[in-house]
Amino acid sequence: MADVLFPYVKENIKKYLLEHWQEKECQEDVTQLQKQAEKDSHLDGFVPIPSGVSDNTTEHMIQAVVDNVYWQMSFDRKTTALKQLQGHIWRSAYISGQLKGEVYEDVVPSIRQWRELGIKLYIYSSGSIDAQKLLFGYSIEGDLLKLLDGHFDTNIGHKVESKSYRNIADNIGCLPENILFLTDVVKEALAAEKAGLHVAVVVRPGNAALTDEDKSNCCCITSFHQIHFPSQK
């Protein structure tokens with residue numbers, strides 16, 4: 001979805017700001033971006049956002065915010081202020097139906113089957129929990145949140161650090177050896193494995209190609225249909 005979500009922000013940020021500029025939430029987003037811009041003032045190419053107390057027109061202010069966001073995104077920055085505004089733009093798009101969370105066709109039948117077996121399902125993503133809930137709440141398969149037991153983001157720890165997976169195991173009250181972690185990133189797989197979890201690397205079209213070493217070191221699957229659990233009931 002990243003190849004859809006981030007371009008959507010670039011293409012629609014100005015329209016979003018024009019439509020929501022007078023709203024409290026939007027002004028709070030702008031304030032956070034202004035504070036971030038002040039912190040970034042020492043960086044090469046930094047794009048300032050003037051204070052609203054000056055005689056800048058709304059149009060000039062909005063353009064400054066757009067330019068700053070473009071600048072941050074060009075360096076793939078993950079500042080809290082940027083992520084907050086992006087999340088609000090995505091939320092508006094999901095609610096209006098302009099965006100739908102995409103899931104592979106094998107995912108929903110598989111997780112429904114796992115639920116019937118008593119398996120608990122959690123999402124762990126570098127995207128915020130709010131962003132996760134939008135993706136699964138407004139998916140092409142409808143609202144999938146009822147199939148999930150919880151969500152984790154990088155507040156629990158970074159995905160390439162083993163401690164993060166131990167933190168998740170403690171949080172859900174489950175031994176690491178009783179958890180299966182699915183990912184398409186080898187570094188995440190190795191970190192989870194080091195923490196004692198079972199791991200499978202999911203190979204999907206368009207993902208980064210795996211090396212021969214990756215294939216020999218990891219359990220690889222191409223579909224959730226290849227995963228089989230014994231009944232937990």
Just to verify, what does [X] make a side-chain contact (heavy atoms from CB on, under 4.5 Å) with, not counting sequence neighbours?
X: Q132; answer: I123, S125, I129, H151, D153
X: Y70; answer: K10, I13, V66
X: T80; answer: none
X: A192; answer: Y165, F181, L197, V199

For [X], side chain to side chain donor-acceptor pair (under 3.5 Å) partners two or more places apart:
X: Y8; value: Q98
X: E102; value: none
X: K14; value: Q63
X: R166; value: none

Between [X] and [Y] (side chain of the first, backbone of the second, donor and acceptor by atom type, cut-off under 3.5 Å), is there such a pair?
X: D149; Y: K120; result: no
X: T31; Y: Q27; result: yes
X: W21; Y: C26; result: no
X: S41; Y: E38; result: yes
X: T79; Y: L82; result: yes

Where do [X] and [Y] come nearest, in terms of heavy atoms and distance?
X: I172; Y: F152; result: CG2-CZ, 3.6 Å
X: A64; Y: P48; result: CB-O, 4.0 Å
X: W71; Y: S74; result: O-OG, 2.6 Å
X: P176; Y: A195; result: CB-O, 3.5 Å
X: C174; Y: I179; result: SG-CG1, 3.8 Å
X: L134; Y: G87; result: CD1-O, 4.0 Å

Side chain proximity check, [X] to [Y], heavy atoms < 4.5 angstrom:
X: F229; Y: Q113; result: no
X: K100; Y: S139; result: no
X: Y124; Y: I168; result: yes

What is the distance from atom [atom1] of [X] to atom [atom2] of [Y], rounded to the nearest 0.5 Å?
X: L148; Y: Y122; atom1: CG; atom2: OH; answer: 10.5 Å
X: L33; Y: I49; atom1: CG; atom2: CD1; answer: 5.0 Å
X: W114; Y: L147; atom1: CH2; atom2: CG; answer: 11.5 Å
X: I89; Y: Y94; atom1: CD1; atom2: OH; answer: 13.0 Å
X: K83; Y: R77; atom1: NZ; atom2: CZ; answer: 13.0 Å
X: L43; Y: D40; atom1: CG; atom2: CG; answer: 5.0 Å

Taking [Y] as the starting point, is it possible to reach [X] by hopping between hydrophobic residues whose side chains are less than 4.5 Å apart?
X: V107; Y: V185; result: no
X: L180; Y: I156; result: no
X: V108; Y: L135; result: yes
X: V47; Y: L17; result: no

Item checked: Sequence neighbours excluded - side chain to side chain donor-acceptor pair (under 3.5 Å) pairs with any residue from residues 183-211 -> D106-R204, K159-E188, T183-E188, D184-N207, T211-D214
Could you list the donor-acceptor pairs under 3.5 angstrom formed between side-chain atoms of residues 217-227 and any protein atom two or more places apart in sequence or on another chain?
from : atom 1 : to   : atom 2 : distance (Å)
N217 : ND2    : E213 : O      : 3.3
T222 : OG1    : Q226 : OE1    : 3.0
S223 : OG     : H225 : N      : 3.0
H225 : ND1    : S110 : OG     : 3.3
Q226 : OE1    : T222 : N      : 2.7
Q226 : OE1    : S223 : N      : 2.8

Next item on the list: Determine, stepwise, if the pair N68 / V65 fulfils side-chain contact (heavy atoms from CB on, under 4.5 Å).
Entry: CA-CA 5 Å; N68 179 274; V65 173; 5.7 Å; no
Next item on the list: Applying side-chain contact (heavy atoms from CB on, under 4.5 Å), run through E28 and E23 and close with a yes or a no.
Entry: CA-CA 9 Å; E28 289 174 349; E23 297 173 13; over 6 Å; no
Margin query: Could you check, using the six-membered ring where one of them is a Trp, whether Y16 and W90 have ring centers closer than 6.0 angstrom?
Written below: no
Note to self: Surrounding CD of E25 (heavy atoms of other residues, nucleotides or ligands, distance under 6.0 Å), is the total greater than 12?
What the structure shows: yes
Item checked: Stepwise salt bridge (charged side-chain N to carboxylate O under 4.0 Å, His left out) test for R112 and E116 -> CA-CA 6 Å; R112 288 189 189 280; E116 291 174 0; over 6 Å; no
Note to self: Among residues at least two apart in sequence or on other chains, which ones pass ring pair (Phe, Tyr, Trp, His ring centres under 6.0 Å) with F136?
What the structure shows: none
Next item on the list: Could you go through the side-chain contact (heavy atoms from CB on, under 4.5 Å) check for Q32 and Q36 one step at a time?
Entry: CA-CA 6 Å; Q32 293 306 311; Q36 183 62 49; over 6 Å; no
Checklist line | Steps toward side-chain contact (heavy atoms from CB on, under 4.5 Å) verdict (D130, R91) | finding: CA-CA 9 Å; D130 285 344; R91 181 188 63 197; over 6 Å; no
Margin query: Using side-chain hydrogen bond (donor to acceptor under 3.5 Å, both in side chains), reason through E161 and H158 one step at a time and then give a plain yes or no.
Written below: CA-CA 6 Å; E161 297 176 356; H158 293 291; 5.0 Å; no
Next item on the list: Could you work out the complete set of other residues in the hydrophobic cluster of V201, with links drawn between I, L, V, M, F, W and Y side chains under 4.5 Å apart?
Entry: V186, L190, V203, L210
